[in-house]
There are 2 protein chains.
Amino acid sequence: MDQTCLCIAVRKASRRMTTVYDDALAPVGINLAQYSLLKKIRRMAPVSLTDLGAAMDLDRSTIGRNVKVLDRMGLTQAITGKDHREATVELSETGQGVLTTAIPLWERAQEQINTRLGADKVAQLEQLLAEL
Amino acid sequence: MDQTCLCIAVRKASRRMTTVYDDALAPVGINLAQYSLLKKIRRMAPVSLTDLGAAMDLDRSTIGRNVKVLDRMGLTQAITGKDHREATVELSETGQGVLTTAIPLWERAQEQINTRLGADKVAQLEQLLAEL
DNA sequence: CTCACACGCGGGCATATACCCGTATCTATG
DNA sequence: CATAGATACGGGTATATGCCCGCGTGTGAG
């Protein structure tokens with residue numbers, strides 16, 4: 001008997017669900033990870049990479065690299081503060097526009113999942129995941 | 001109000017849980033993704049990369065690259081069949097040994113999650129994830 | 001004021017993952 | 001049998017992610 005591995009199940013679900021959101025966001029040229037990062041930056045801006053990492057539960061270096069991509073896309077910009085160690089970032093105007101456009105697309109993906117699973121099960125799932 | 005994004009929650013859970021399993025498996029020098037792949041190869045061997053990909057819900061090229069790593073580690077080996085297009089793989093003896101050693105470690109990680117969440121909630125979670 | 005230590009990052013290294021294209025091989029049709 | 005179309009991969013390209021190391025910057029203890 002093959003014991004199911006919760007971790008593998010979660011990873012698989014993660015991949016699949018990410019694809020749904022990525023597809024939904026494709027028209028604006030960003031993926032879910034970038035969307036998530038943009039939203040966080042908007043909320044926290046101006047924010048250091050370290051703080052972003054802590055808030056998103058991601059390694060600082062990961063944030064650094066991902067922000068670099070957003071920078072290259074012109075969606076974010078660095079701000080120079082007093083502490084010359086910090087790389088503080090905020091959304092560019094383009095970034096704000098993209099995020100605004102992206103939100104309804106993201107909501108559509110949310111609805112897609114809600115429809116497929118049912119709102120109560122989604123809530124249940126969120127609850128369980130939060131306990132991990 | 002910040003609507004929680006199920007996808008982001010799943011991704012976060014995936015990262016965190018993967019770390020737990022990766023740490024548990026570290027003593028044998030493999031991570032969860034590799035463990036999962038080795039187990040699948042053992043069950044299906046000799047198996048083509050395409051079939052592995054289908055079984056694991058992963059892109060074929062991803063399987064190819066991941067198997068290459070296992071190959072380099074000496075855990076798997078290629079078998080030449082009649083169809084010269086296929087890259088059929090199976091576990092090496094070392095790979096079998098590593099997998100055998102890894103299983104108890106993996107089980108410990110399973111237990112860790114079970115303890116933290118409770119068996120019933122784990123079952124619930126698996127159920128919900130399967131519906132995605 | 002200085003210097004040791006803490007802090008914030010970038011870059012190196014490695015894996016995981018996906019998509020696309022080109023090549024090699026097989027197969028089935030004419 | 002010859003060739004068009006289907007298959008199976010490998011490699012290129014790009015992102016996401018983590019860990020570790022080294023460098024530059026801040027800061028507080030003496």
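Each chain gets a letter, A, B and so on, in the order the sequences are listed, and its residues count up from 1. What you are looking at is a predicted structure, and each value in this text was computed from that prediction instead of being measured.
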Fill in the blank from the handout: Of C:dG10, D:dA8, D:dT15, the nucleotide closest to the side chain of A:Val69 is D:dT15

Practice task
Using a heavy-atom cut-off of under 4.0 Å over every strand shown, decide if B:Thr50 touches base, sugar-phosphate, or nothing.
Solution key: sugar-phosphate

Exercise for the section: Verify, without hydrogens or angle tests, whether B:Ser14 (side chain) and B:Val10 (backbone) share a donor-acceptor contact under 3.5 angstrom. Expected result: no

Handout entry: Side-chain heavy-atom pair A:Arg15, B:Leu58 within 4.5 angstrom cut-off
Key = yes

Practice task
Salt-bridge test for A:Arg16 and B:Asp57: reply yes if a basic N is under 4.0 Å from a carboxylate O, no otherwise.
Solution key: yes

Completion exercise
By nearest-nucleotide position on DNA chain C, the 5'-leaning member of B:Arg72 and B:Leu58 is B:Arg72

Practice task
May I ask you to decide if the ring planes of B:Trp106 and B:Tyr21 are parallel, tilted or perpendicular, using 30° and 60° as cut-offs?
Solution key: tilted

Exercise for the section: Record whether the side chain of A:Arg60 comes under 3.5 Å of the base of C:dG10 through a donor-acceptor pair of N or O atoms. Expected result: yes

Practice task
Answer with base, sugar-phosphate or nothing: what part of the nucleic acid does A:Asn31 contact at a heavy-atom distance below 4.0 Å?
Solution key: sugar-phosphate

Exercise for the section: Can you tell me the distance, in whole Å, between the CG atom of A:Asp23 and the C1' atom of C:dA18? Expected result: 11 Å

Exercise for the section: Tell me whether the OP1 or OP2 atom of D:dA8 has a side-chain N or O from B:Ser48 closer than 4.0 Å. Expected result: no

Practice task
Indicate yes or no: at least one non-hydrogen side-chain atom of B:Arg65 is less than 4.5 angstrom from one of B:Thr62.
Solution key: no

Practice task
Have a look at A:Asp83 and say if it touches a base, only the backbone sugar-phosphate, or nothing, with a 4.0 Å heavy-atom cut-off.
Solution key: sugar-phosphate

Practice task
Whole angstrom is fine here: how far is it from CD in B:Gln34 over to P in C:dT15?
Solution key: 7 Å

Fill in the blank from the handout: Testing D:dT25, D:dG11, C:dC26 for proximity to the side chain of B:Arg85, the answer is C:dC26

Exercise for the section: Please check the phosphate of D:dT15 (OP1 and OP2 only) for any side-chain N or O of A:Asn66 closer than 4.0 Å. Expected result: no

Handout entry: Any A:Arg15 side-chain N or O less than 4.0 Å from OP1/OP2 of C:dA16
Key = no

Problem - side-chain N/O B:Ser61 vs C:dA18 OP1/OP2, d < 4.0 Å - result: no

Handout entry: Which nucleotide in C:dC19, C:dT15, C:dT17 has an atom nearest any side-chain atom of B:Asp59
Key = C:dC19

Exercise for the section: Report the nucleotide, chosen from C:dC9, D:dC9, D:dG26, that has the shortest atom-to-atom distance to any side-chain atom of A:His84. Expected result: D:dG26

Problem - B:Lys68 vs D:dG11: side-chain N/O to OP1/OP2 distance below 4.0 Å - result: yes

Problem - Integer-rounded Å distance: C:dA16 P and B:Leu25 CG - result: 12 Å

Completion exercise
By nearest-nucleotide position on DNA chain C, the 5'-leaning member of B:Arg65 and A:Ala87 is A:Ala87

